Amino acid sequence: MTVRTRFAPSPTGFLHIGGARTALFSWAYARRHGGSFILRIEDTDVARSTPEAVQAILDGMQWLGLEHDEGPFYQMQRMDRYKAVIAEMLASGSAYYCYMSKEELDTLRAAQEARKEKPRYDGRWRPEDGKALPPPPEGVAPVVRFRNPVAGAVGWQDLVKGRIEFANAELDDFIIARADGTPTYNFCVVVDDRDMQITHVIRGDDHVNNTPRQINLLQALGAPVPQYAHLSMILGDDGQKLSKRHGAVSVMQYDEEGYLPEAVLNYLARLGWSHGDDEVFDMERFVSWFDLDHITASAAQFNTEKLNWLNAHYIKQADPQRLANEAGRRLGRQQVGFEGGPAPSRVAALYRDRVANLNELADAMHPYYSLPKPGAELLAQHLTETARTALAMLRERLSDCPWQAADLGQAVKQTAAAAGLKMPQLAIPLRVVLLGLPQSPSIDSVLEVLGRERVIARLESALGS
RNA sequence: GUCCCUAUCGUCUAGAGGCCUAGGACAAUACCCUUUCACGGUAUGAACCGGGGUUCGAAUCCCCGUGGGGACGCCA
């Protein structure tokens with residue numbers, strides 16, 4: 001049997017980090033076993049689903065590189081199929097019409113809660129042998145409920161959490177079709193998982209309570225029951241649960257904040273899953289290692305600092321040209337272009353092991369492509385008379401110096417010595433003049449990359465000569 | 001309230017009864033490297049929620065408690 005997994009988000013918002021990890025694990029499991037990964041959009045909540053959210057989810061998946069093999073399937077386009085199954089169930093007696101109004105239900109639930117009972121439907125419209133049902137009220141559109149077994153228990157061997165079992169007495173007859181005829185979540189999932197021949201349902205922890213209902217439904221339909229793996233949730237950096245109001249951000253936000261997708265992927269893979277002591281690995285290796293046995297059963301707290309570390313690691317390894325392109329994309333938003341400046345990939349190479357994200361890289365590259373404007377305080381502190389004298393000497397020396405880091409380093413050192421200064425006493429003013437900053441990579445490589453013309457122009461402009 | 005899940009350093013985790021005086025990573029601290037700032041290197045501190053069992057032996061198995069989380073929708 002070939003493995004078939006699915007990621008089934010509802011398009012009511014962006015793809016957040018928890019959803020991304022669920023997608024990653026489903027994707028990896030399918031890849032690991034040479035199976036198929038299916039994308040299904042669960043948009044039956046017409047009031048809250050939006051096309052923008054669908055696009056946001058697609059964008060997020062694409063940015064991460066989680067490609068699906070089938071789909072995206074949209075549940076709203078499968079209405080006829082759901083309605084046909086509901087009709088079958090009504091005919092076979094595994095589902096029935098319920099004429100209870102929302103108000104009556106609310107009253108029932110309130111009374112149950114007042115008695116400290118678990119709120120649930122009381123089965124008043126459920127047909128039983130020898131039970132007299134009231135006549136259907138006039139003008140009330142009924143919902144359709146699933147006739148859940150009353151006795152025994154329903155359970156499964158969860159691939160993450162082990163054996164889980166629920167007493168059927170805990171489950172009530174849930175609604176499978178609303179009064180307007182549209183099917184509900186638990187029902188659509190079951191029909192789709194069956195029709196799409198899903199073998200492994202990998203989803204969030206919050207669905208554990210839906211699973212027994214779905215299994216009962218599957219069995220009523222005579223369908224095979226897939227394997228289930230429930231992933232525990234991801235908590236925010238502060239240990240609080242993630243929600244729209246608190247801490248949950250779109251994966252695309254990570255792009256904006258300068259993270260590389262491979263860093264986010266690697267971080268997510270390690271959050272709740274492990275392979276011994278391995279921390280840094282690419283997706284190819286992840287897929288070859290991935291299994292459900294090493295997923296943690298308890299919730300995990302998101303740690304931005306570790307993500308930052310991984311991001312810095314991947315930036316150090318990244319191709320300078322790619323980094324330059326990413327920085328260029330960002331600088332472009334600030335109306336800064338690479339035209340007329342030093343080779344972007346050389347500048348990126350100078351900074352790639354000094355920055356933790358792409359925004360920092362863009363900031364670092366900025367002064368290479370537009371004249372820096374050091375603040376008055378910085379100038380006053382570093383451009384002292386002695387410094388200016390030494391810089392003037394250096395300017396002379398640089399006009400005929402071979403333009404190679406080693407020679408340039410020598411030139412700076414010798415100038416400092418000739419002026420009676422320590423190396424930093426010349427190098428730092430030089431940095432301020434060239435880049436507008438007191439720190440930079442080694443001064444010889446900065447000179448080399450910036451180029452003779454620009455260096456001399458910036459020196460002369462600073463010295464007012 | 002009821003049901004379900006869960007519990008190792010601050011954080012992510014290794015650990016499938018003896019390999020554990022509990023390992024790795026991030027973070028922290030110290031030192032080294034160094035023309036600055038970073039990077040990098042080395043070292044240090046830091047944990048098995050509590051109580052009962054089972055066993056020659058328990059971080060690992062069982063029970064109870066406690067903490068945390070989820071669910072109880074004509075949302076998904």
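Just so it is clear, the structure is predicted and the values come from calculations on it, not from any experiment. Here is how names work: the chains are called A, B, and so on, in the same order as the sequence lines, proteins then strands, and each is numbered from 1.
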*Asks:* How close or far is atom C1' of A16(B) from atom NE2 of His294(A), stated in whole angstroms?
*Replies:* 9 Å
*Asks:* Establish, with yes or no, whether the OP1 or OP2 oxygen of C37(B) is under 4.0 angstrom from a side-chain nitrogen or oxygen of Arg354(A).
*Replies:* no
*Asks:* I'd like to know if Arg431(A) reaches the base of U35(B) with its side chain, counting only an N/O donor and acceptor under 3.5 Å.
*Replies:* yes
*Asks:* Looking across every strand, which nucleic acid part, if any, lies under 4.0 Å from Pro441(A) by heavy atom: base, sugar-phosphate, or nothing?
*Replies:* base
*Asks:* Is the base of G70(B) touched by the side chain of Asp205(A) through a donor-acceptor pair closer than 3.5 angstrom?
*Replies:* no
*Asks:* Give a yes or no on whether the backbone of Asp193(A) and the side-chain of Arg6(A) come within a donor-acceptor separation of less than 3.5 Å.
*Replies:* no
*Asks:* Take a 6.0 Å sphere around OH of Tyr97(A) and say whether it holds more than 12 heavy atoms from other residues, nucleotides or ligands.
*Replies:* no
*Asks:* Write down the distance separating the C1' atoms in A71(B) and G15(B), rounded off to the nearest Å.
*Replies:* 31 Å
*Asks:* Whether Arg145(A) engages the ring of Tyr121(A) as a cation-pi pair (distance to the six-membered ring centre under 6.0 angstrom, angle to the ring normal within 45°) should be assessed.
*Replies:* yes
*Asks:* Base, sugar-phosphate, or nothing: which does Glu305(A) touch, judged by heavy atoms less than 4.0 Å apart?
*Replies:* sugar-phosphate
*Asks:* Could you tell me the separation between the CD1 atom of Ile164(A) and the C1' atom of C5(B), rounded to a whole number of Å?
*Replies:* 7 Å
*Asks:* With a 4.0 Å cut-off on heavy atoms, is Lys116(A) in touch with a base, just the backbone sugar-phosphate, or nothing at all?
*Replies:* sugar-phosphate
*Asks:* Looking at A76(B), does its base get a donor-acceptor pair with the side chain of Asn210(A) below 3.5 Å?
*Replies:* yes
*Asks:* Distance between the P atoms of C31(B) and G10(B), in whole angstroms?
*Replies:* 25 Å
*Asks:* Determine the Euclidean distance between corresponding P atoms of U11(B) and A7(B); express it in Å to zero decimal places.
*Replies:* 14 Å
*Asks:* Round to the nearest Å and state the distance from Ile443(A) atom CD1 to A38(B) atom P.
*Replies:* 17 Å
*Asks:* Please tell me which of Ala427(A) and Gly162(A) maps to the more 5' nucleotide of RNA chain B, matching each residue to the nucleotide holding its nearest heavy atom.
*Replies:* Gly162(A)
*Asks:* Quick check on RNA chain B: between Asp444(A) and Arg120(A), whose nearest nucleotide comes earlier from the 5' end?
*Replies:* Asp444(A)
*Asks:* Calculate the interatomic distance between Leu235(A) atom CG and C12(B) atom P; express it in whole Å.
*Replies:* 8 Å
*Asks:* Using a 4.0 Å heavy-atom cut-off, does Gly409(A) contact any base of the nucleic acid, only the sugar-phosphate backbone, or nothing at all?
*Replies:* nothing
*Asks:* May I ask you to evaluate whether Thr12(A) reaches the phosphate of A76(B), defined as a side-chain N or O under 4.0 Å from OP1 or OP2?
*Replies:* no
*Asks:* A25(B) C1' sits how many Å from Leu268(A) CG, rounded?
*Replies:* 17 Å
*Asks:* Could you state the atom-to-atom distance from CG of Asn303(A) to P of G10(B) in whole Å?
*Replies:* 13 Å
*Asks:* Look at the side chain of Arg270(A) and the backbone N and O of Asp278(A), then say whether any donor-acceptor pair between them is shorter than 3.5 Å.
*Replies:* yes
*Asks:* Taking any strand in view, what nucleotide pairs with U2(B) in a Watson-Crick or G-U wobble way, both distances under 3.5 Å?
*Replies:* A71(B)
*Asks:* Classify the side chain of Glu113(A) and the base of G1(B) as holding, or not holding, a donor-acceptor pair under 3.5 Å.
*Replies:* no
*Asks:* For a side chain to side chain contact (heavy atoms under 4.5 Å, CB included) with Leu398(A), tell me which candidate from Asp407(A), Val412(A), Val455(A) qualifies.
*Replies:* Val455(A)
*Asks:* Considering only the P atoms, how many Å lie between C37(B) and C33(B), rounded to the nearest integer?
*Replies:* 14 Å
*Asks:* Under 4.0 Å, heavy atoms only, any strand: does Ala300(A) hit a base, just the sugar-phosphate, or nothing?
*Replies:* sugar-phosphate
*Asks:* Test your reading of the model: is there a side-chain donor-acceptor pair from Asn168(A) to the backbone of Ala151(A), 3.5 Å cut-off?
*Replies:* yes
*Asks:* When the distance from CG of Asp277(A) to P of C26(B) is rounded to whole Å, what number comes out?
*Replies:* 12 Å
*Asks:* Applying a 3.5 Å limit to both distances, which nucleotide forms a Watson-Crick or G-U wobble pair with C37(B)?
*Replies:* none
*Asks:* At under 4.0 Å between heavy atoms, what does Lys316(A) touch on the DNA or RNA strands: base, sugar-phosphate, or nothing?
*Replies:* sugar-phosphate
*Asks:* Quick one: label Lys161(A) by what it contacts on the DNA or RNA (base, sugar-phosphate, nothing), any heavy atom closer than 4.0 Å.
*Replies:* sugar-phosphate
*Asks:* Would you indicate, yes or no, if C74(B) has its OP1 or OP2 atom less than 4.0 angstrom from a side-chain nitrogen or oxygen of Arg109(A)?
*Replies:* yes
*Asks:* Is the distance between the ring centroids of Phe302(A) and Tyr267(A) under 6.0 Å?
*Replies:* yes
*Asks:* In a check of side chain to side chain contact (heavy atoms under 4.5 Å, CB included) between Leu108(A) and each of Glu113(A), Glu103(A), Arg124(A), Arg120(A), which one passes?
*Replies:* Arg124(A)
*Asks:* Please give the distance between the P atoms of G51(B) and U66(B) as a whole number of Å.
*Replies:* 15 Å
*Asks:* Please give the distance between the C1' atoms of C12(B) and G50(B) as a whole number of Å.
*Replies:* 25 Å
*Asks:* Would you classify Val208(A) as touching base, sugar-phosphate or nothing, given that sugar-phosphate means primed atoms plus P, OP1 and OP2, and contacts are heavy atoms under 4.0 Å?
*Replies:* sugar-phosphate
*Asks:* Sticking with atom P, work out how far C61(B) lies from U29(B), rounded to a whole angstrom.
*Replies:* 37 Å
*Asks:* Check every strand shown and say whether Ser440(A) touches a base, only sugar-phosphate, or nothing at a heavy-atom separation below 4.0 Å.
*Replies:* base
*Asks:* Can you tell me the base-pairing partner of C26(B)? Count Watson-Crick or G-U wobble geometry only, both distances below 3.5 Å, and say none if there is no partner.
*Replies:* G10(B)
*Asks:* Reckon Thr296(A) has a side-chain N or O less than 4.0 Å from the OP1 or OP2 of C12(B)?
*Replies:* no
*Asks:* Measure from CZ on Arg203(A) to C1' on G70(B) and round the result to the nearest Å.
*Replies:* 13 Å
*Asks:* What's the gap between A30(B) and C49(B) when it is taken at their P atoms, as a whole Å value?
*Replies:* 31 Å
*Asks:* Does Ser274(A) have a side-chain nitrogen or oxygen under 4.0 Å from the phosphate oxygens OP1 or OP2 of A14(B)?
*Replies:* yes
*Asks:* Less than 6.0 angstrom separating the ring centers of Tyr185(A) and His207(A), yes or no?
*Replies:* yes
*Asks:* Would one find a side-chain N or O of His313(A) under 4.0 angstrom from OP1 or OP2 of C26(B)?
*Replies:* no
*Asks:* If we call it a pair only when both distances are under 3.5 Å in a Watson-Crick or G-U wobble match, what pairs with G57(B)?
*Replies:* none
